[in-house]
Amino acid sequence: MKGARRGGEWNQWPGHWELGEDPGLPGPFSLQMNCWWEEERYPEGIKWKFLEHKGPVFAPPYEPLPENVKFYYDGKVMKLSTKAEEVATFFAKMLDHEYTTKEIFRKNFFKDWRKEMTSEEKSTITSLSKCDFTHMSQYFKAQSEARKQMSKEEKQKIKEENERLLKEYGYCVMDNHKERIANFKIEPPGLFRGRGNHPKMGMLKRRIMPEDIIINCSKDSKIPAPPPGHKWKEVRHDNKVTWLVSWTENIQGSIKYIMLNPSSRIKGEKDWQKYETARRLKKCVDKIRNQYREDWKSKEMKVRQRAVALYFIDKLALRAGNEKEEGETADTVGCCSLRVEHIKLHPELDGQEYVVEFDFLGKDSIRYYNKVPVEKRVFKNLQLFMENKQPEDDLFDRLNTSILNKHLQDLMEGLTAKVFRTYNASITLQQQLKELTNPDDNIPAKILSYNRANRAVAILCNHQRAPPKTFEKSMMNLQSKIDAKKEQLADARRELKSAKADAKVRRDEKSKKSVESKKKAVQRIEEQLMKLEVQATDREENKQIALGTSKLNYLDPRISVAWCKKWGIPIEKIYNKTQREKFAWAIDMAEEDYEF
DNA sequence: CGCTACACTTAGAAGTTTTTAA
DNA sequence: TTAAAAACTTCTAAGTGTAGCG
């Protein structure tokens with residue numbers, strides 16, 4: 001029924017103009033679009049000279065439920081006001097999710113929901129447990145089912161509408177380039193879903209209005225028009241920043257931005273720079289390592305703590321660990337914010353000396369669990385840092401990220417804690433590729449090696465994922481496929497054997513040909529079997545590990561490009577279309593002898 | 001310094017589309 | 001032709017790090 005709701009009438013205000021269709025530039029400029037890396041760079045601080053865009057796409061307005069969809073309170077039908085109903089639908093849509101069973105989620109939701117109610121509603125609805133959203137929930141399930149069952153034509157129509165929206169709002173002109181915008185749609189209202197044990201889960205994320213929006217573009221550009229009857233909060237022309245649109249979100253009070261796609265010049269250049277900084281670290285990392293080993297002996301506690309923390313950041317690729325406001329976010333830590341309760345010291349464990357057992361929640365509340373043998377000096381220092389402390393006390397009480405980064409800045413220009421993660425990730429990939437690639441392997445086996453190298457990095461960086469729900473089942477399916485293939489191979493071999501015997505007796509052309517074709521069949525099946533087995537290994541090893549994050553954010557793409565060129569692997573086997581767009585600069589510049 | 005505001009990168013989950021194979 | 005699985009895209013939360021202020 002209401003399939004094509006995206007981008008409601010709000011964005012169909014009059015006075016539309018085509019962006020980027022005819023920027024009034026001579027031909028060659030469109031060619032420059034995909035090779036910004038050959039252009040001159042801007043001086044420090046200036047991000048652009050010209051910026052023109054059409055502003056954001058707002059969330060579609062709320063459409064009240066049909067009359068026959070009921071909400072029940074205390075067993076009785078209750079008609080809700082539009083505002084209260086909208087918020088109720090947010091909860092109803094999440095009814096199957098574990099979130100809605102959590103005490104904090106329910107409490108936060110109910111508190112914010114009540115704020116949207118009329119005074120009568122408020123006095124009637126006093127307990128969330130008496131609310132029955134099941135009918136609403138069923139309605140939404142039916143809706144999504146109906147969406148799946150839509151005819152080809154209807155689906156096509158929606159697709160076209162999305163394409164139109166993308167064409168119109170999804171691009172901007174920055175200097176001489178037409179660039180893709182990453183997130184041109186404003187986040188719709190809904191219930192806040194934090195990660196892990198977030199104290200604000202379930203709170204109402206309010207609807208963003210044009211009056212909340214700050215537009216950033218150049219003075220001499222066509223300023224985007226707000227929807228009819230509305231005004232922007234502000235229009236500014238700040239070319240020291242890269243964002244096009246910003247607004248303040250109501251849960252944490254933080255600022256959200258609309259920025260460009262990773263394929264854009266402004267993102268790509270920065271990404272390139274990041275890897276260049278990491279390569280500079282490569283040149284001085286030995287010196288830095290010697291330095292912090294010396295500092296373990298310092299008579300200043302502050303220096304010792306700094307040196308041990310840096311050792312963890314370097315060896316274990318831990319994040320810096322900024323302080324966070326208590327009670328505002330989930331309780332997670334990084335290196336500098338580790339507490340005594342997050343590590344256990346084992347003078348001896350499983351035959352190893354001086355083992356540190358880490359157990360803490362990091363970014364996104366992903367658990368970091370690791371047992372690491374460390375040098376005696378580190379171990380002794382940790383014992384010292386933990387003396388006379390409570391479990392909830394800071395391990396590095398004389399240290400924070402600001403102190404650490406200031407020190408790093410002195411060791412190398414542009415050096416911060418996160419550069420170690422980038423450096424160690426990239427150097428590990430390069431090393432592992434060297435070690436694991438077997439020149440005699442075929443392409444699928446080489447790709448398996450690549451994935452294994454990638455996996456080593458993901459493990460280092462602790463990039464985890466929830467095992468796919470269907471993992472066990474799909475693994476079994478694959479195994480039975482392998483078994484079937486094995487039988488097929490045995491059959492093919494038998495046939496080959498008898499064909500050979502036959503040819504020996506008959507000695508004619510026809511039977512020789514038959515032997516040849518049977519040989520080929522055996523070979524083909526062997527290859528297929530091998531491919532399946534490789535696939536099974538790869539998948540099993542990947543069960544709980546996410547490769548994407550490191551590939552996208554930590555691995556110098558030139559290493560991968562060089563590896564592909566060296567071994568004749570098509571780049572498409574390693575990077576999909578989006579990734580190739582993001583790394584276009586690296587694909588263009590890296591030769592097979594590139595060294596990180 | 002220590003604080004906050006701001007800008008920008010990094011992150012896994014959820015949703016959607018494409019591919020595979022029965 | 002269908003359904004399951006895989007691949008890919010979108011979404012937006014959650015980090016890092018710097019600048020500017022008192």
Side-chain angles (χ1 to χ4, degrees), chain A residues 45 47 94 97 99 144 147-148 155 158-159 162 166 182-188 190 192-196 198 200-201 205 214 216 238 240-243 246 248-249 251-262 266-267 270-271 273-274 313 319-325 328-330 332-337 361-366 400-406 408-409 414-422 425 458 461-466 468-471 473-475 477-478 480-481 484 535 538-539 542 544-554 575-579 581:
Chain A
K47 304 293 168 64
M94 292 177 75
H97 203 288
Y99 271 117
S144 86
R147 214 167 306 136
K148 275 185 216 151
K155 282 182 181 168
I158 291 171
K159 208 173 159 190
N162 284 335
L166 174 68
N183 55 328
F184 58 93
K185 290 175 188 155
I186 300 262
E187 295 169 20
F192 176 76
R193 309 151 81 125
R195 307 277 176 97
H198 197 115
K200 299 196 173 184
M201 64 168 85
K205 215 170 85 162
I214 303 174
N216 193 33
D238 182 356
K240 308 274 195 300
V241 297
T242 66
W243 53 268
S246 77
T248 301
E249 151 270 354
I251 304 290
Q252 319 273 359
S254 66
I255 308 168
K256 299 246 179 173
Y257 303 93
I258 290 182
M259 291 183 188
L260 299 193
N261 198 67
I266 203 122
K267 293 291 183 190
K270 197 80 186 293
D271 207 34
Q273 209 180 90
K274 173 180 78 185
I313 284 171
R319 295 188 184 82
N322 284 318
E323 292 117 298
K324 312 165 71 186
E325 215 174 322
E328 294 291 301
T329 58
T332 62
V333 297
C335 185
C336 294
S337 50
L361 297 183
K363 182 178 182 180
D364 291 321
S365 293
I366 297 292
N400 60 40
T401 54
S402 164
I403 295 170
L404 179 66
N405 281 332
K406 266 194 197 106
L408 293 176
Q409 192 59 237
L415 186 61
T416 61
K418 81 196 268 281
V419 179
F420 282 87
R421 251 168 101 81
T422 312
C461 294
N462 199 225
H463 291 142
Q464 295 188 282
R465 61 166 186 175
K469 283 199 178 72
T470 53
F471 186 85
K473 205 177 131 218
S474 84
M475 216 55 216
N477 284 347
L478 191 55
S480 53
K481 250 194 247 170
Q535 199 187 355
D538 208 22
R539 203 190 296 173
N542 241 9
Q544 301 194 63
I545 297 164
L547 300 186
T549 303
S550 51
K551 203 175 192 176
L552 230 49
N553 301 298
Y554 288 101
Y575 290 139
N576 68 32
K577 186 167 150 279
T578 314
Q579 297 169 152
E581 279 166 12

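If you're wondering where the values come from, they're calculated on a predicted model, not measured in any experiment. Protein chains get the first letters and strands the later ones, always in sequence-line order, with residue 1 at the start of each.
- The phosphate of B/dA13 (OP1 or OP2) has no side-chain N or O of A/His97 nearer than 4.0 angstrom.
- For A/Lys267, no side-chain nitrogen or oxygen approaches OP1 or OP2 of B/dC8 to under 4.0 Å.
- Using a 4.0 Å cut-off, some side-chain N or O of A/Arg421 falls inside it from OP1 or OP2 of B/dA11.
- Contact annotation: the side chain of A/Lys200 approaches that of A/Glu328 to within less than 4.5 Å [non-hydrogen atoms, C-beta and beyond].
- Side-chain atoms of A/Asn322 do not come within 3.5 Å of backbone N or O of A/Gly334 as any donor-acceptor pair.
- A/Glu581 places its CD atom 12 Å from the C1' atom of C/dC8, with the value rounded to the nearest Å.
- The shortest distance between side-chain heavy atoms of A/Lys267 and A/Asn261 does not fall below 4.5 Å.
- For the pair A/Thr401 and C/dT16, the criterion of a side-chain N or O lying under 4.0 Å from OP1 or OP2 is not met.
- The distance between atom CZ of A/Arg319 and atom C1' of C/dA14, rounded to the nearest whole Å, is 9 Å.
- Taking only side-chain atoms of A/Val241, from C-beta outward, the nucleotide of C/dT16, C/dT12, B/dC8 with the closest atom is B/dC8.
- Rounded to whole Å, the distance from CD on A/Glu325 to P on C/dG15 is 14 Å.
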Practice task
Determine, stepwise, if the pair A/Thr332 / A/Lys324 fulfils side-chain hydrogen bond (donor to acceptor under 3.5 Å, both in side chains).
Solution key: CA-CA 9 Å; A/Thr332 62; A/Lys324 312 165 71 186; 2.6 Å; yes

Working for side chain to side chain contact (heavy atoms under 4.5 Å, CB included), residues A/Tyr257 and A/Val241
CA-CA 11 Å; A/Tyr257 303 93; A/Val241 297; over 6 Å; no

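- Between the side chain of A/Lys363 and the base of B/dT10 there is at least one donor-acceptor pair of N/O atoms closer than 3.5 Å.
- OP1 or OP2 of C/dG17 sits under 4.0 Å from a side-chain N or O of A/Asn405.
- Which of B/dA7, C/dT16, C/dT12 sits closest to the side chain of A/Asn183 comes down to C/dT12.
- Phosphate proximity of C/dG15 to A/Thr332: present, with a side-chain N or O under 4.0 Å from OP1 or OP2.
- If you take CD1 of A/Ile266 and C1' of B/dA7, they are 12 Å apart, rounded to a whole angstrom.
- The side chain of A/Asn162 contributes no N or O atom lying less than 4.0 Å from OP1 or OP2 of B/dT16.
- In terms of phosphate contacts, A/Lys185 brings no side-chain nitrogen or oxygen within less than 4.0 Å of OP1 or OP2 of C/dT10.
- Distance A/Gln544 CD to B/dA13 C1': 16 Å, rounded to the nearest Å.
- Distances shorter than 4.0 Å separate none of the side-chain N or O atoms of A/Thr549 from OP1 or OP2 on B/dA11.
- Residue contacts shown for A/Lys205 are limited to sugar-phosphate atoms, with no base heavy atom under 4.0 Å away.
- At least one side-chain nitrogen or oxygen of A/Thr416 sits closer than 4.0 Å to the OP1 or OP2 atom of C/dG17.
- Atom CD1 of A/Ile366 is separated from atom C1' of B/dA13 by 10 Å (rounded to the nearest Å).
- One can place CD of A/Gln252 at 9 Å from C1' of C/dA14, the figure rounded to the nearest angstrom.
- In terms of phosphate contacts, A/His198 brings no side-chain nitrogen or oxygen within less than 4.0 Å of OP1 or OP2 of C/dA13.
- Here A/Asn553 does not reach the OP1 or OP2 of B/dT9: none of its side-chain N or O atoms lies under 4.0 Å away.
- Atoms CG (A/Asn576) and C1' (C/dC8) sit 6 Å apart, rounded to a whole Å.
- If you run side chain to side chain contact (heavy atoms under 4.5 Å, CB included) between A/His463 and each of A/Leu547, A/Thr549, A/Ile366, only A/Thr549 comes through.
- Distances shorter than 4.0 Å separate none of the side-chain N or O atoms of A/Tyr554 from OP1 or OP2 on B/dT9.
- Taking 4.0 angstrom as the limit, A/Lys256 places none of its side-chain polar atoms (N or O) nearer than this to OP1 or OP2 of C/dC11.
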